[in-house]
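Throughout, numbering of the chain's residues begins at 1 and tracks the sequence. Note that this is a predicted model, so its numbers are computed, not measured.
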Amino acid sequence: MRAINRGKQPSLAQLRAFAAVAEQLHFRDAAAAIGMSQPALSGAVSALEEALGVQLVERTTRKVLLSPAGERLAVRAKAVLDEVEALMEEADAVKAPFTGALRLGVIPTVAPYLLPTVLALVHEKYPDLDLQVHEEQTSSLLEGLAAGRLDLLLLAVPLGVPGVTELPLFDEDFVLVTPLDHWLGGREGIPRDALRELNLLLLDEGHCLRDQALDICREVGRGDAPVTTTAAGLSTLVQLVAGGLGVTLLPRTAVRVETSRSNQLLTGYFADPAPTRRVALAMRTGAARSAEYEELAAALREALRPLPVRMLEA
C-alpha cells in the first residue's frame with residue numbers, strides 16, 4: 001500500500017461522497033442520496049483516493065465494487081461522519097434544549113392511544129419543539145434509531161438491544177375482548193390458563209403485540225395453534241371479534257377507543273397477576289439530547305397518569 005500523503009486531509013464532503021458510494025454501490029444512486037451531482041460525487045471520491053493514497057473503489061461499466069482498502073476505510077468514514085453528526089447535535093442541544101426537530105417513532109399498538117397525550121404535552125410545555133411522528137413496527141423503528149433516522153421511540157419493552165437505553169413509562173394489563181355470547185364475556189378474575197382453549201385472534205407477524213400474546217399463551221402451556229385469521233391493526237382485530245370469529249387480547253389503553261366501535265363486544269379481566277406489557281421511551285445510549293429525553297419521559301409519566309395503567313418511576 002502506498003504511504004498516505006500527510007500533506008492532504010480528507011474533507012467531510014469527500015467522506016460523505018465515499019460513504020454514500022459504499023452504501024449504494026452505484027454512483028447515480030449515491031449522488032441522489034446525498035443531493036450531489038454525479039460528476040461532483042465522482043470527483044470527490046477521486047480526490048479522497050488521492051488524499052489517502054489508496055484506491056477505494058473499482059469502477060466498471062455495470063457496477064461499483066469496493067476495493068479491499070475501501071471495505072476497511074468505509075467503516076472508518078462512517079464512524080467519522082457519525083461523530084461529526086453527534087458533535088452538531090450536542091451543539092444544538094447546548095444552545096437551546098427542546099428546540100428544533102425531534103423525530104419520534106411509535107408502534108401502531110401505542111400510537112392511537114397515547115399520541116393525543118404526547119401531542120398535547122409537547123404543544124403546551126415545549127412549543128418550540130418540532131415533533132415529527134413516524135408510525136412503524138418495532139424492527140423498523142430500531143433500525144431507524146440505530147441509523148440516526150429517528151431520535152426517540154415510544155414502544156413496548158424490554159427490547160434487549162445493545163446501545164439502546166429504555167426510559168420506562170408504565171405497565172398496563174391485557175384484557176380479554178369477546179363477542180356478547182362468549183362464556184367469558186364481561187367476567188372478572190379470569191384465570192390465565194383459560195387461554196389454552198380459546199380461539200385467539202392475533203395481529204399479523206411483525207407486530208410486537210402478536211409476539212407478546214404468543215408469549216402469554218406459552219406461559220400457560222398452550223402450544224403453537226394454527227392461526228387462520230389475522231389482522232393488520234387492532235381496529236380490524238376487534239371487528240373480527242364482534243363478528244364472532246374468536247377473542248383477542250387488548251392492552252388497557254386501547255380498550256376504550258377500540259370497543260366503542262361496536263355494541264357486540266364484552267371485556268373480561270384476568271385474575272392477578274394479569275398478563276401485562278411495559279411501555280417506554282427508548283433512545284440511543286449516550287445520545288446528545290439524553291437529558292432532554294429523560295425530562296420528557298418524566299413529564300409524560302405525569303401526563304399519562306389518568307390512563308388505566310401503573311405508572312413507573314425513572
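- Although no hydrogens or angles enter the test, the distance criterion places no donor-acceptor pair under 3.5 Å between the side chain of Arg252 and the main chain of Val309.
- For the residue pair Thr109 and Arg277, a side-chain donor N or O sits within less than 3.5 Å of a side-chain acceptor on the partner.
- Contact detail for Ala17 and Ile34: the closest heavy-atom pair is CA-CD1, 3.9 Å.
- In this structure, Thr276 contributes its side chain and Asp173 its backbone to no donor-acceptor pair below 3.5 Å.
- For Gln38 (side chain) and Phe27 (main-chain N/O), no donor-acceptor pair under 3.5 Å exists by modelled atom type.
- Glu85 and Lys78 are not joined by a salt bridge, as no carboxylate oxygen comes within less than 4.0 angstrom of a charged side-chain nitrogen.
- Formation of a donor-acceptor pair under 3.5 Å by the Arg301 side chain with backbone atoms of Pro168 is found in this model.
- Note that CG of Leu154 is 11.0 Å distant from CD of Glu135, once rounded to the nearest 0.5 Å.
- Taken together through direct or relayed side-chain contacts under 4.5 Å among Ile, Leu, Val, Met, Phe, Trp and Tyr, Leu119 and Ile107 form part of one hydrophobic cluster.
- Pairing each heavy atom of Leu155 with each of Ala282, the nearest pair is CD2-CB, 3.9 Å.
- Side-chain contact annotation: Ser235 with Glu258, donor-acceptor N/O pair under 3.5 Å present.
- In this structure, Ser262 contributes its side chain and Leu265 its backbone to no donor-acceptor pair below 3.5 Å.
- Counting heavy atoms from C-beta outward, Val279 and Tyr113 have side chains that stay 4.5 Å or more apart.
- Put simply, Leu180 and Leu184 are part of two different groups of oily side chains (I, L, V, M, F, W, Y) that touch within less than 4.5 Å, one to the next.
- Looking at Arg192, its side chain does come within 3.5 Å of a backbone N or O of Ala274 through a donor-acceptor pair.
- No chain of hydrophobic side-chain contacts below 4.5 Å, direct or via other Ile, Leu, Val, Met, Phe, Trp or Tyr residues, connects Val75 to Val21.
- Val177 has its side chain out of reach of Val247: every pair of non-hydrogen atoms, C-beta onward, lies at least 4.5 Å apart.
- Of the inter-residue distances, the one linking Leu198 atom CG with Asp193 atom CG reads 10.0 Å to the nearest 0.5 angstrom.
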Run the side chain to side chain contact (heavy atoms under 4.5 Å, CB included) check on Met311 and Leu304 step by step: do they pass?
CA-CA 8 Å; Met311 209 56 58; Leu304 293 170; 3.9 Å; yes
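- Leu201 and Thr248 get closest at one heavy-atom pair: O-OG1, 2.9 Å.
- Hydrophobic cluster membership is shared by Met36 and Leu25, with clusters built from Ile, Leu, Val, Met, Phe, Trp and Tyr side chains linked at under 4.5 angstrom.
- Ser46 contributes a side-chain N or O that, together with a main-chain N or O of Ser42, makes up a donor-acceptor pair within less than 3.5 Å.
- Electrostatic pairing of Arg59 and Glu49 counts as a salt bridge here, judged by a charged N lying under 4.0 Å from a carboxylate O.
- Screening residues 114-134 for side-chain hydrogen bond (donor to acceptor under 3.5 Å, both in side chains) gives Asp130-Gln132 as the qualifying pairs, with residues at least two apart or on separate chains.
- Considering CZ of Arg16 and CG of Leu81, their distance stands at 6.0 Å, rounded to 0.5 Å.
- In this structure, Leu150 and Arg284 approach most closely via the heavy-atom pair O-NH1, 2.8 Å.
- Neither Val241 nor Leu266 shares a network with the other; the hydrophobic side chains, linked directly or stepwise wherever heavy atoms of I, L, V, M, F, W or Y lie under 4.5 Å apart, form separate groups for each.
- Remark: the backbone N or O of Glu143 is not paired with any side-chain donor or acceptor of Arg149 at under 3.5 angstrom.
- Residues Leu129 and Thr99 fail the side-chain proximity criterion, which asks for heavy atoms closer than 4.5 Å.
- For the residue pair Leu114 and Thr253, the shortest heavy atom distance occurs at CD2-CG2, 4.3 Å.
- Judged purely by distance below 3.5 Å, without hydrogens or angles, the side chains of Ser67 and Gln55 never pair a donor atom with an acceptor atom.
- Checked for salt-bridge contact, Asp171 and Arg310 miss the test: no charged N lies under 4.0 Å from a carboxylate O.
- In terms of modelled atom types and a separation under 3.5 Å, the side chain of Ser290 and the main chain of Ala287 share a donor-acceptor contact.
- At a threshold of 4.5 Å between non-hydrogen side-chain atoms, the residues Val255 and Thr267 count as touching.
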Side chain to side chain contact (heavy atoms under 4.5 Å, CB included) for Glu136 and Val106? Distances and angles first, verdict last.
CA-CA 6 Å; Glu136 301 169 23; Val106 192; over 6 Å; no
Applying side chain to side chain contact (heavy atoms under 4.5 Å, CB included) to Leu296 and Leu102, what does each step give before you reach the verdict?
CA-CA 11 Å; Leu296 178 62; Leu102 173 59; 4.1 Å; yes
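- Rounding to the nearest 0.5 Å places CG of Leu202 at 11.0 Å from CG of Leu240.
- The local environment of CZ in Arg261 is crowded, with over 12 non-hydrogen atoms from other residues, nucleotides or ligands closer than 6.0 Å.
- Between Ala77 and Phe18 the shortest heavy-atom distance is CB-CD2, 4.0 Å.
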Check against side chain to side chain contact (heavy atoms under 4.5 Å, CB included), Leu121 and Val118
CA-CA 5 Å; Leu121 171 67; Val118 173; 5.8 Å; no
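- If you take OH on Tyr293 and CG on Leu153, they are separated by 10.0 Å, rounding to the nearest 0.5 Å.
- Looking at Glu166 and Pro158, their side chains come closer than 4.5 Å, going by heavy atoms from C-beta outward.
- A distance of 11.0 Å separates CE of Met283 from CD of Glu292, quoted to the nearest 0.5 Å.
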